[in-house]
Amino acid sequence: MKELMLGNKAFARGLYEAGCAVVSSYPGTPSTEVTEEAAKFDDIYCEWAPNEKVAMEVAFGAALAGKRSFCGMKHVGLNVAADPLYTLSYTGVNAGLVICVADDAGMHSSQNEQDSRHHAIASKVPMLEPSDSAEALFFAKEAFKLSEEYDTPVIIKMCTRVAHSQSIVETSEREEVTKSYEKNISKYVMMPGNAIKRHPFVEERTKKLTELAEDCVFNKVEMGSDELGIITHSTSYQYVKEVYGDKVSILKLGMVNPLPVNLIKDFASKVKKLVVVEELDPIIENHCKSLGLNVNGKDLLPITGEFSQNLIAASLGEEVSPSVKLDENLPVRPPVMCAGCPHRGLFYTLAKNKITVLGDIGCYTLGAVAPLFAIETTLCMGASVSSIHGFNKVLSKESENKTVAVIGDSTFMHSGMTGLANIAYNQSNSTVIILDNSITGMTGHQQNPTTGYNIKGDPAGKIDLEALCHALGFERVRVVDPYDLKACDEVIKEELSVDAPSVIISRRPCALLKTVKHPGPISVDQNKCVGCKMCMKIGCPAISIKDGKAVIDQTQCVGCNVCTQLCKVGAICPNAKEV
């Protein structure tokens, strides 16, 4: 049956049809929906793991036991999972193991713009790269076969455009696959004496995979004019086709590691000019140059950012399509925390007290933007907790009383616990604030180990953050409601004044959760409002100034009442009427 599917949904369908039995992932845009869609199939056990390293190790265990398994993550998540990945290359698998990594060229929702092909090359693991939804489904199924035939995990590299665009796919029935587990210490116990014997296997496997790349279903040649030959991959292939159609010759690479040799040389010999069109790093281009080929690539095309049809056309000297413009100029919508966001009151308090805030990865990173400007660093998952320890060890005791780290509940479970243990163990007077909004917010409301629910919304094990922090060695653990500005101010000042490490848990569910009931919008008494703009200091998108007076958008306001605590003249209250 044919169906229009998002790339991520098609990938999940491929997992189902291939007989995948276990899925363990950590949510990360643009990879999240693969696991969410897989969870809709009753034949697949799915879970959110605390982080990507755990997810990959769970997938390894399932594959070892004899069932096809999968783990998914975004590009920075593969950094976290690199530890098991590089050794998985040595151990190989039993049943097939497929890994999805979704890159984010253009950094639509990421802190860097890395190219995951480097991980495949360095770990010597094969990588496939689909260019549309149909290939996402097909490559997922073929990857399991490749995994089992060559005794290797297989990485499928998605990207934002393939993950979140739609194209036609053809579905088929599920295939059940089971392998028997056999004890094999020399293969699976990677102590030095065994690992040194597995390395030659990895190198020999790479040779065999390179031979496969010369003639396989993943790589294809489309011959057109011999004037120009383009080697490309992923969405860049789609853009090239839109710019040139059938006018040029194209070598589309669906297996991007290892890369073929003779296939590329043969293609190059048939064209007068050779160009590589690839997003981010010049991996294919450098491979071509190592083969002695005269090729253009990053001398014509950018090494940063996401490509488009017009960018490729302009870079290669072709006609650029005219842009379609709206008749009216729409106002720019700056990034901002949602109306009623529980983080707003806490960040306002930190900013008001001129406290240095070391931040982390999550929707609360928006505390760094106007008008709060509260967060001063964001590095990677869990870094705020580890960084504040180093920060406070270097600076004076006075700095300890003016510095905090903030981290979300999901991010804390991902990689904040070890940093917190380090603070307790090596004793810095650091205050860590866990922003517990009862969900993984930034990636679209996925459950995590602190929420008490699993990926399907069923009751699950729930970690008690207060008990966990005490167990990690913290005597001082406080809980505060971020909607209560006075309480936030008092607790933060108290904990920063104490000569001991401490944790503050700022607890209030995300305002967008379906289970959260709000009291309803509040409004402004225009007769009392003096236009002081104090209510604007929290940066709530529901509040604006019109004709010198505050106005509250009734369609956005949830009635959190944080702004009422800022109004010195009592113009904002639940029963006030805007006149």
Side-chain angles (χ1 to χ4, degrees), residues 6 8-9 12 23 25-42 44-50 72 74 109 163-164 333 335-347 361-367 407-414 434-465 479-484 505-523 538-543 552-563 574:
L6 284 172
N8 279 347
K9 183 176 180 179
V23 168
S25 304
Y26 185 81
T29 305
S31 72
T32 308
E33 298 87 359
V34 177
T35 301
E36 289 180 329
E37 290 294 335
K40 296 177 181 179
F41 296 106
D42 292 335
I44 306 177
Y45 167 77
C46 294
E47 68 177 26
W48 291 125
K74 67 185 296 178
S109 59
H164 292 157
R333 182 184 183 276
V336 64
M337 287 180 284
C338 305
C341 176
H343 306 321
R344 181 174 282 108
L346 185 99
F347 281 132
I361 304 296
C363 51
Y364 51 87
T365 308
L366 291 168
I407 185 168
D409 52 329
S410 181
T411 309
F412 178 72
M413 297 309 304
H414 179 285
I434 301 175
L435 304 170
D436 182 7
N437 65 350
S438 307
I439 204 70
T440 306
M442 184 171 64
T443 50
H445 287 179
Q446 291 77 33
Q447 304 296 334
N448 69 65
T450 72
T451 66
Y453 298 94
N454 64 19
I455 192 171
K456 292 182 178 290
D458 298 327
K462 181 177 181 178
I463 290 179
D464 184 325
L465 283 175
V479 179
V480 67
D481 181 353
Y483 279 0
D484 187 339
I505 299 173
S506 173
R507 179 166 289 144
R508 168 70 68 161
C510 172
L512 298 185
L513 284 175
K514 295 178 181 178
T515 55
V516 174
K517 305 301 179 185
H518 299 289
I522 58 179
S523 51
I538 56 174
C540 177
I543 308 174
I552 295 178
D553 184 344
Q554 301 293 287
T555 64
Q556 292 193 66
C557 178
V558 301
C560 70
N561 282 301
V562 171
C563 60

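Side chains are part of it too, since the values below use all heavy atoms of this structure and drop only hydrogens, waters and symmetry mates. Keep in mind that what you see is a predicted model, and the values were worked out from it rather than measured.
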- [ ] Begin from the C-alpha positions of T35 and I455 and carry the test side-chain contact (heavy atoms from CB on, under 4.5 Å) through to its verdict.
- [x] CA-CA 9 Å; T35 301; I455 192 171; 3.6 Å; yes

Quick check: does any side chain N or O of [X] sit under 3.5 Å from a backbone N or O of [Y], one acting as donor and the other as acceptor?
X	Y	answer
Q554	I522	yes
R344	I538	yes
S410	T440	no
T451	Q447	no
Y453	T450	no
K74	T29	yes
N561	G559	yes
D553	P541	no

Any chance you could measure [X], atom [atom1], to [Y], atom [atom2], to the nearest 0.5 Å?
X	Y	atom1	atom2	result
H445	I439	NE2	CD1	6.0 Å
E36	K9	CD	NZ	12.5 Å
L346	S506	CG	OG	4.5 Å
C338	Q556	SG	CD	9.0 Å
L512	C341	CG	SG	8.5 Å
T411	I361	OG1	CD1	7.5 Å

Task: Neighbour count >12 (heavy atoms, 6.0 Å) for atom CG, D42 - done: no

Open item on the list: Can you tell me if K456 has over 12 outside heavy atoms packed within less than 6.0 Å of its NZ?
Closed with: yes

TODO: Could you point out which residue of P509, P342, S438 forms a side-chain contact (heavy atoms from CB on, under 4.5 Å) with V516?
DONE: P509

For a quick test of reading the model, state the closest non-hydrogen atom pair linking [X] to [Y] and the distance between them.
X	Y	answer
G362	T365	O-OG1, 2.7 Å
L366	P335	CD2-CB, 3.5 Å
A38	V23	CB-CG2, 4.4 Å
C563	I543	CB-CD1, 3.7 Å
P30	N8	O-ND2, 2.8 Å
H343	C363	NE2-SG, 4.3 Å

TODO: Flag the pair L435 / F412 as yes when at least one side-chain heavy-atom distance between them is below 4.5 Å, and no otherwise.
DONE: no

Open item on the list: In the structure I gave you, are the side-chain heavy atoms of H414 and P50 within less than 4.5 Å of one another anywhere?
Closed with: no

Open item on the list: I need the single residue from D436, D409, D484 that forms a salt bridge (Lys or Arg N to Asp or Glu O under 4.0 Å) with R507. Which is it?
Closed with: D436

Open item on the list: Could you go through V480 and I505, starting from their C-alpha distance and side-chain angles, then the distance that decides it, and tell me whether this counts as side-chain contact (heavy atoms from CB on, under 4.5 Å)?
Closed with: CA-CA 6 Å; V480 67; I505 299 173; over 6 Å; no

- [ ] Name all residues meeting the side-chain hydrogen bond (donor to acceptor under 3.5 Å, both in side chains) criterion together with Y45; count only those two or more places apart in sequence or in a different chain, and write none if there are none.
- [x] E47

- [ ] Using salt bridge (Lys or Arg N to Asp or Glu O under 4.0 Å) as the criterion, list what pairs up with K40, not counting sequence neighbours.
- [x]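 Only E37 meet the salt bridge (Lys or Arg N to Asp or Glu O under 4.0 Å) criterion with K40.
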
- [ ] Tell me yes or no: between the side chains of Y26 and S31, is some donor less than 3.5 Å from an acceptor?
- [x]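 No, no side-chain donor-acceptor pair sits under 3.5 Å.
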
